[in-house]
Amino acid sequence: MKSMTPNAFEAAIRQKEGELASYMSRLASLEAICDSLAEELVQMTEQCEKLQAEAVVLPGIQAELEALRRRHSAALELMGERDEELEELHADIVDLKEMYREQVNLLVNQFRKQVHHHQHATSDKSTPRSGLDN
């Protein structure tokens with residue numbers, strides 16, 4: 001081993017102390033990063049567990065959704081059929097109203113003709129005819 005002068009020895013010690021301080025600073029920085037990553041790992045683990053729990057119920061939810069879609073489709077089909085029936089019934093009602101109007105008009109006209117004939121028949125009997133009747 002070489003012999004060192006006290007000044008050189010002190011300089012070497014100061015250099016080693018500087019290196020040590022740099023390493024200590026680097027170590028503290030790496031520990032902070034490690035702590036941050038550990039915290040992130042805990043959060044990710046919790047999120048993973050939550051997603052796994054949700055994944056367990058997902059098939060049931062999908063089955064419910066499919067059942068609801070089928071019911072919705074069937075309800076829409078029934079509503080369409082009901083709408084068609086309503087339209088047909090409405091058309092039937094319109095036709096029946098027209099038929100009743102025609103029947104009422106026909107009956108009114110027949111009644112008017114009978115009244116008119118009756119009035120003429122009675123007025124013919126009450127008015128004297130030419131001298132042939134006397």
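- Within the 4.5 Å cutoff, the side chain of Leu78 has heavy atoms near those of the Glu81 side chain.
- Atom CG of Asn109 and atom CD of Gln114 lie 11.5 Å apart (nearest 0.5 Å).
- Contact annotation: the side chain of Gln43 approaches that of Glu39 to within less than 4.5 Å [non-hydrogen atoms, C-beta and beyond].
- Salt bridge present: Glu19 and Lys16 bring a charged side-chain N and a carboxylate O closer than 4.0 Å.
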*asked:* Before you tell me yes or no, could you show the steps for Gln47 and Lys50 under side chain to side chain contact (heavy atoms under 4.5 Å, CB included), namely the whole-Å CA-CA distance, both residues' side-chain angles and the distance that decides it to 0.1 Å?
replied: CA-CA 5 Å; Gln47 185 177 4; Lys50 180 182 174 186; 5.5 Å; no

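- Taking 4.5 Å as the limit, some side-chain heavy atom of Arg69 sits within range of a side-chain heavy atom of Glu66.
- Here CG of Leu68 is found 12.5 Å from OG of Ser73. Values are rounded to the nearest 0.5 Å.
- Taking CD of Glu88 as the reference point, atom CG of Asp83 lies at 11.5 Å (rounded to 0.5 Å).
- Each of His118, His120, Gln119 was checked for a side chain to side chain donor-acceptor pair (under 3.5 Å) with His116, and the lone residue meeting it is His120.
- Note: Thr5 OG1 to Phe9 CZ = 10.5 Å, rounded to the nearest 0.5 Å.
- Distance CD/Glu17 to CD/Glu10: 10.0 Å, rounded to 0.5 Å.
- A salt bridge links Arg101 and Glu98; the closest N-O separation between the charged side-chain nitrogens and carboxylate oxygens is under 4.0 Å.
- Atom CZ of residue Arg26 and atom CE of residue Met24 lie 14.5 Å apart, to the nearest 0.5 angstrom.
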